[in-house]
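None of the values given here were measured: they were computed from a predicted structure.
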Amino acid sequence: MTEDNKVETDLFKNMEKLRQLRIEHRDLDDVINRLSMDFSTDELQMKRLKKRKLMLKDQILKIESELLPDIIA
């Protein structure tokens, strides 16, 4: 495998991972919003879901920063 092919393969993997993380983040947001309307929702469960959502957001930002070239101003 040439260096260019490896770069393209890695780029594709990162883009696919980013897509999956965004979908999971959006789905989790929907679940949190629905559960927040239910007053019988377990507070610990909500905290765990929100923590998971924040971890996903961090992963998304990390991959996005890797995909974007550094811009020197």
Side-chain angles (χ1 to χ4, degrees):
M1 179 184 299
T2 66
E3 186 65 29
D4 287 342
N5 287 344
K6 183 182 182 323
V7 170
E8 288 178 16
T9 302
D10 291 345
L11 180 64
F12 178 76
K13 286 179 183 178
N14 280 340
M15 290 176 70
E16 179 61 23
K17 179 70 174 172
L18 183 60
R19 187 185 69 80
Q20 291 171 356
L21 289 172
R22 284 178 174 158
I23 290 170
E24 186 177 351
H25 184 269
R26 184 185 62 233
D27 290 347
L28 197 54
D29 192 43
D30 290 342
V31 169
I32 290 170
N33 286 333
R34 281 196 311 270
L35 287 175
S36 67
M37 294 178 201
D38 182 4
F39 295 111
S40 65
T41 302
D42 181 19
E43 193 67 30
L44 182 58
Q45 179 187 16
M46 284 294 285
K47 286 182 180 181
R48 287 179 177 155
L49 291 172
K50 288 179 180 182
K51 185 175 182 177
R52 173 70 182 150
K53 184 181 165 194
L54 285 173
M55 289 181 357
L56 288 170
K57 185 64 172 177
D58 287 344
Q59 289 178 337
I60 289 168
L61 291 173
K62 181 178 182 284
I63 292 174
E64 285 176 340
S65 71
E66 290 172 359
L67 290 174
L68 293 175
D70 291 335
I71 300 173
I72 301 174

>> Applying salt bridge (Lys or Arg N to Asp or Glu O under 4.0 Å), can you list everything that pairs with E43, at least two apart in sequence or on another chain?
In response: none
>> Test of understanding: with salt bridge (Lys or Arg N to Asp or Glu O under 4.0 Å), list the residues that count as partners of R19, not counting sequence neighbours.
In response: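 Result, salt bridge (Lys or Arg N to Asp or Glu O under 4.0 Å) vs R19: E16.
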Going from [atom1] on [X] to [atom2] on [Y], what distance comes out if it is rounded to the nearest 0.5 angstrom?
| X | Y | atom1 | atom2 | value |
| --- | --- | --- | --- | --- |
| K17 | L67 | NZ | CG | 13.0 Å |
| R52 | L49 | CZ | CG | 10.5 Å |
| Q20 | L56 | CD | CG | 11.5 Å |

>> Is there a side-chain contact between M15 and L11 in this structure, where contact means two heavy atoms from C-beta onward sitting under 4.5 Å apart?
In response: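 The answer is yes, as the side chains (C-beta and beyond) meet within the 4.5 Å cut-off.
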>> Hydrophobic clusters here meaning ILVMFWY residues chained together by side-chain heavy-atom distances under 4.5 Å, can you tell me if L61 and I63 are in one?
In response: no
> Can you get from M55 to M46 by hopping between Ile, Leu, Val, Met, Phe, Trp and Tyr side chains that sit under 4.5 Å apart?
Replying inline: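 The answer is no; the residues belong to distinct hydrophobic clusters.
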Residues that [X] engages under side chain to side chain donor-acceptor pair (under 3.5 Å), provided they are two or more places apart:
| X | answer |
| --- | --- |
| Q45 | none |
| R26 | none |
| D10 | K6 |
| Q59 | none |

Pair up each side-chain donor or acceptor in residues 31-38 with any protein partner under 3.5 Å, not counting sequence neighbours, and list the distances.
{"unit_1": "N33", "atom_1": "ND2", "unit_2": "D29", "atom_2": "O", "d": "3.3"}
{"unit_1": "S36", "atom_1": "OG", "unit_2": "I32", "atom_2": "O", "d": "3.4"}
{"unit_1": "S36", "atom_1": "OG", "unit_2": "N33", "atom_2": "O", "d": "2.7"}
{"unit_1": "D38", "atom_1": "OD1", "unit_2": "S40", "atom_2": "N", "d": "3.1"}
{"unit_1": "D38", "atom_1": "OD1", "unit_2": "S40", "atom_2": "OG", "d": "2.8"}
{"unit_1": "D38", "atom_1": "OD2", "unit_2": "S40", "atom_2": "OG", "d": "3.2"}

> Restricting to pairs with a member in residues 55-66, which pass salt bridge (Lys or Arg N to Asp or Glu O under 4.0 Å), not counting sequence neighbours?
Replying inline: R22-E64, K62-E66
